[in-house]
Amino acid sequence: MPDAAPRLEVFGLTRHFGARPAVDDVSLAIAPGQVTCLLGPSGCGKSTTLRMIAGVERPDVGVIRIDGAVVCDAGQSLPPEARSVGLMFQDFALFPHLTVAGNIAFGLKGARADKAARVEELLARVDLPGFGAKHPHQLSGGEQQRVALARALAPRPRVMLMDEPFSGLDNRLRDGIRDTTLEVLKAEGTAVLLVTHEPDEAMRMADEIALMRGGRIVQRGSPYNVYNAPADRAAAAFFSDINVIRGRSRGALTETPFGAFLTPGHADGAEVEIVIRPQHLKIDFDRGGRGPNPTPVEGTAARGMVERARFMGRDSLVEFRMDFDGSKLTASVPGVFLPRPGTALWLMIRRDRCFVFPAARKPV
Ligand code: ATP
């Protein structure tokens, strides 16, 4: 990540609708060429945050700076067109009566020749050279999206705000457009705030993920860190299915049917949840039939009965009913393996890959 001064800075942004805060004390800093994804479930406040930065919603409290200059604080709020922000939404609606070149040049000021040069430059950037004279209805969905990107970039916004911009595109198109978009935005040095509720999209696009819940940012970090070191159980669950085993910590260890887990930092007697992603639950083919056999990484095997197995292509998702307490656990195993329901198998946990959290008050 570049060490440049942040292009976009947001401090303590808060917005209530009625008594409830929709956005609660959100702070962010995004450098030139950096992509930050606001990721979270529906209703967590992502769009409201974006709308305040765009200038179409006024915060109750908070400060927004672009390239160090205040565009919104308690005393003032610049209108959207004075903020140097570009906007891209799912419904990007090109002007149907204008040509591609006309659409891209729409927000540009200055001499005709300069505008034409900028349009040509952007058409080349989004890989649509020679498309300037066409009309939107002559373009595919993906081509229209690239024109929308060129239009948003034309006035050289310092910040690009994107709200689920790719969700209207079919899967085959989406990956290519995402990559083109990233390349262009990085080349222009634009700071990007992208709103999405899809973890896969955030992981693919983001330099930094800001995970939101209930109006607040609950975790910020690189996709790698947020996935591999989630702040809590819900953060872990946002990225994949999870398995949860509950136990009580004694002397920094928690005994489970899979052996003892290290649970340092939890008080003696405290209830803990051990959270395991399905890909870190392993079927023990070699030793299982001979029963428990502890190893430092994988611990003890426990037996379960296959209830259901779904072939997913590269992987199979196998649901087990465990002998020890009748609970359900789900393992993701290579797709070449698809056990029949009713098969008894032994499972082990990659304990270097699981997360330990204080138990939620009510088991979910
Ligand atoms: P989604 O992914 O579904 O778009 P979101 O995370 O973008 O959700 P917001 O649209 O920011 O969420 O909404 C956050 C909360 O604020 C929601 O509970 C929503 O109902 C509420 N809200 C948003 N705009 C308004 C408004 N103008 N008036 C009243 N409540 C609002």
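In listed order, ligands and their atoms are each counted from 1. If you read the sequence from its start, that first residue is 1, and numbering goes on from there. Please read these numbers as outputs of a predicted model, since none were measured by experiment.
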Quick one: do the Glu319 and Thr330 side chains pair a donor with an acceptor below 3.5 Å? no
Taking every heavy atom of Ala229 against every heavy atom of Gln219, the minimum-distance pair comes out as O-NE2, 2.8 Å
If we only consider heavy atoms of Met212, is any one of them less than 4.0 Å away from an atom in ligand 1? no
Min N/O separation Thr49 to ligand 1 under 3.5 Å: no
Assigning hydrophobic clusters by single linkage (Ile, Leu, Val, Met, Phe, Trp, Tyr; side-chain heavy-atom cutoff under 4.5 Å), is Val226 placed with Met203? yes
Taking only heavy atoms of Arg20, which atoms of ligand 1 are found under 4.0 Å from at least one of them? 15 (C), 17 (C), 18 (O)
Distance below 4.0 Å between atom 20 (O) of ligand 1 and any protein heavy atom? no
The closest protein heavy-atom partner of atom 14 (C) of ligand 1 is Gly43 O, 3.4 Å
At what distance, to the nearest 0.5 angstrom, does CG of Leu262 lie from CD1 of Ile274? 10.0 Å
Nearest-neighbour protein heavy atom for atom 16 (O) of ligand 1, which is reported as residue plus atom name and distance: Ala22 CB, 3.3 Å
Contact check: Glu57 vs ligand 1, nitrogen or oxygen atoms, below 3.5 angstrom: no
So Phe95 and Phe106, would you call those rings parallel, tilted or perpendicular, with 30° and 60° as cut-offs? tilted
Taking the side chain from Arg277 and the backbone from Ala236, do they hold a donor-acceptor pair closer than 3.5 Å? yes
Side chain to side chain contact (heavy atoms under 4.5 Å, CB included) between Glu143 and Phe131: does it pass, once the steps are laid out? CA-CA 10 Å; Glu143 288 163 350; Phe131 274 61; 3.8 Å; yes
Ligand-side contact atoms (ligand 1) for residue partner Ser47, heavy atom cut-off under 4.0 Å: 4 (O), 5 (P), 7 (O), 10 (O), 11 (O)
Can you report which non-hydrogen protein atom sits closest to atom 3 (O) of ligand 1, along with the distance? Ser42 OG, 2.6 Å
Does Pro41 have a heavy atom less than 4.0 Å from any atom of ligand 1? yes
Should Cys44 be counted as touching ligand 1, given the test is an N or O pair under 3.5 Å? yes
If only side-chain N and O atoms count, and only distance matters, is there a donor-acceptor pair under 3.5 Å linking Arg83 with Ser77? yes
So which protein heavy atom does atom 9 (P) of ligand 1 come closest to, and at what separation? Thr48 OG1, 3.5 Å
Closest approach of any protein heavy atom to atom 27 (N) of ligand 1, naming residue and atom: Phe17 CE2, 3.7 Å
Pairs of nitrogen or oxygen atoms closer than 3.5 Å, one from Lys46 and one from ligand 1: do any exist? yes
Do the side-chain N and O atoms of Asp163 and Ser47 include a donor-acceptor pair separated by under 3.5 angstrom? yes
May I ask you to check whether Arg353 and His280 show a side-chain donor-acceptor distance below 3.5 Å? yes
Test your reading of the structure: does His197 have an N or O sitting under 3.5 Å from an N or O of ligand 1? no
